[in-house]
Protein chains: 2
Amino acid sequence: MQSPRATGRPRDARIDAAVLDATLAVLDESGYRRLTLEEVARRAGTTKPAIYRRWAGRERLVLAALARRLGEIEVPDTTCTMCDLGESLSVFIAAFRRMPPDVLGPLYADCSSEPELRAEFMSALFDPPRAAVAQTLDRAIARGDLRADLDVGLTLDLLASFVHYRALFGHATTDAHETERAVETLLHGIATDYPHLLAHSLGLSEPPVRAHELHHDAPAT
Amino acid sequence: MQSPRATGRPRDARIDAAVLDATLAVLDESGYRRLTLEEVARRAGTTKPAIYRRWAGRERLVLAALARRLGEIEVPDTTCTMCDLGESLSVFIAAFRRMPPDVLGPLYADCSSEPELRAEFMSALFDPPRAAVAQTLDRAIARGDLRADLDVGLTLDLLASFVHYRALFGHATTDAHETERAVETLLHGIATDYPHLLAHSLGLSEPPVRAHELHHDAPAT
DNA sequence: ATTAAGTTACGTTACGACTCGTATCGATAT
DNA sequence: ATATCGATACGAGTCGTAACGTAACTTAAT
């Protein structure tokens, strides 16, 4: 943000680290809702005012702690589109596995009220893995493995939302096998004969003969 | 739940209705986080204890109010799979449109801590629209429009998560057109040549000749 | 080099404000 | 006899901030 203060007593960097560590520890034990700043301060061997000097509230504190744990995201880049997508999703899922439902949901709930805070949440936690998958998609398109007219944003949302859904509502631990199935499903589609369905929806009762040559875009009306 | 008490002064049913109405009004104005029971009681022309007599906490109160607004879900049933899916999703989205992000996210956050409460949340708000889409998928499979070996649960999650994602993180109002695109994407798949990608991922450098006859299932090892 | 002044962080403690969920009370309805 | 009604009050937590006196570091003058 701004340049470090040139005057006065410098901040003790060990306190920063101790507070972030304590925050993560309390989060893992008690979740986000039961996290109190006094407990964090106690464990970090410091006090509440010292925390407020550094972060503007508990949302920002937790964001900082989680962002630190999230670390950097690496983008897989082999020549295998399916592998890359699966791997990207795995990284994605692994990232969220480190942020249990007890944390991510309530945290976002608290962040969603204030636009600026919300933006910080997004850029700190959601955007990084999302960008990784986006890059994978772009590469696959450039390689010719995905359709050139693909709506990357939409596809990204389909993938990302799937992971978030599982992470937030954690009714199932998304394992590697299911990741694979999801990628497979998305790549292949779920229809037996998509052109046929498309034609039907357009009111043509008989399916087009040259189904495979039919372009993805709907014919002009 | 249990049978109505045979003894003592009966509850005033008008209070039930007034409280639920007031709850919805406050939710729409202030969102979930800023909703206080005292404010609800004030608007309903009653008092806090009267509310606690009826619902065990504000989570249950809000759940009851939202479930009331959600109403019943109708399942579309034409012969057009694409239309039905699109329509199902639209109903899905419409259901969530009545529950702004300021409500659904924080509410779930509060419900997720207690398992029983979480189950109530699911059965009251998430399951109904989800079941509607599930029925549409089943019909489409029976009709032969979707692959028989389709993982319905997975597909359902892909669709539902997409809607939830938009509803919770509302960075985009999912309109009819985008719904259509999503269904289209899922039906058709995003790959230019899926069998080719599959083969490649299995380590075969040259693509199979009869790509279109290759079954979805991977060949036996 | 020493000293002095200025600034900021530190720990400690305390405070006001806000909700929550419950308790109490007399009155009322079955 | 029992349970609800309105009204009010209460204890318990947590929040974010405001004091204080002390400690650490920078700058400038001696």
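To find a chain, count down the sequence lines: A is the first, B the second, and so on, and within it residues start at 1.
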Atom-pair distance (CD on A:E59; C1' on D:dG16), nearest Å: 12 Å
NZ/NE/NH1/NH2 to OD/OE distance under 4.0 Å, B:R42 and B:E39: yes
Any residue meeting side-chain contact (heavy atoms from CB on, under 4.5 Å) with A:E87, in chain and number order, not counting sequence neighbours: A:P76, A:V91
Nucleic acid footprint by protein, nucleotides 18-30 of chain D - heavy-atom cut-off 4.0 Å, B for base, S for sugar-phosphate alone: B----BBBS----
Residues touching DNA chain D, which here means a heavy atom under 4.0 Å, drawn from residues 18-44 of chain B: none
Atom-to-atom span, NZ of A:K48 to P of D:dT14 - whole angstrom: 10 Å
Interatomic distance where CG belongs to B:D16 and P belongs to D:dT4 [whole Å]: 11 Å
Parallel, tilted or perpendicular: ring planes of B:Y165 versus A:F126, cut at 30 and 60 degrees: parallel
Listed nucleotide nearest any side-chain atom of A:T47, set C:dT12, D:dC5, C:dC10: C:dT12
Salt-bridge criterion met for B:R11 and B:D16 (N-O under 4.0 Å): no
B:Y52 OH to C:dG21 P, straight-line distance once rounded to whole Å: 3 Å
Heavy-atom check, side chain of A:L107 versus side chain of A:M99, under 4.5 Å: no
Distance in angstrom units between B:R14 CZ and D:dT4 C1', rounded: 13 Å
Ion pair check, B:E114 and B:R60, cut-off under 4.0 Å: yes
Below 4.0 Å: OP1/OP2 of C:dG11 and any side-chain N or O of A:T46: yes
Verdict with reasoning, A:C111 to A:L117, per side-chain contact (heavy atoms from CB on, under 4.5 Å): CA-CA 5 Å; A:C111 290; A:L117 191 54; 3.8 Å; yes
Whole-Å distance separating the CZ atom of A:R11 from the P atom of C:dT8: 11 Å
Residue pair B:L61 / B:I51: nearest heavy atoms and the distance that separates them: CD2-CG2, 4.2 Å
Steps toward side-chain contact (heavy atoms from CB on, under 4.5 Å) verdict (B:Y108, B:E59): CA-CA 9 Å; B:Y108 178 77; B:E59 297 92 350; over 6 Å; no
A:D110 CG to D:dC15 C1', straight-line distance once rounded to whole Å: 12 Å
Whole angstrom value for the distance that separates C1' of C:dG21 from CZ of B:R54: 17 Å
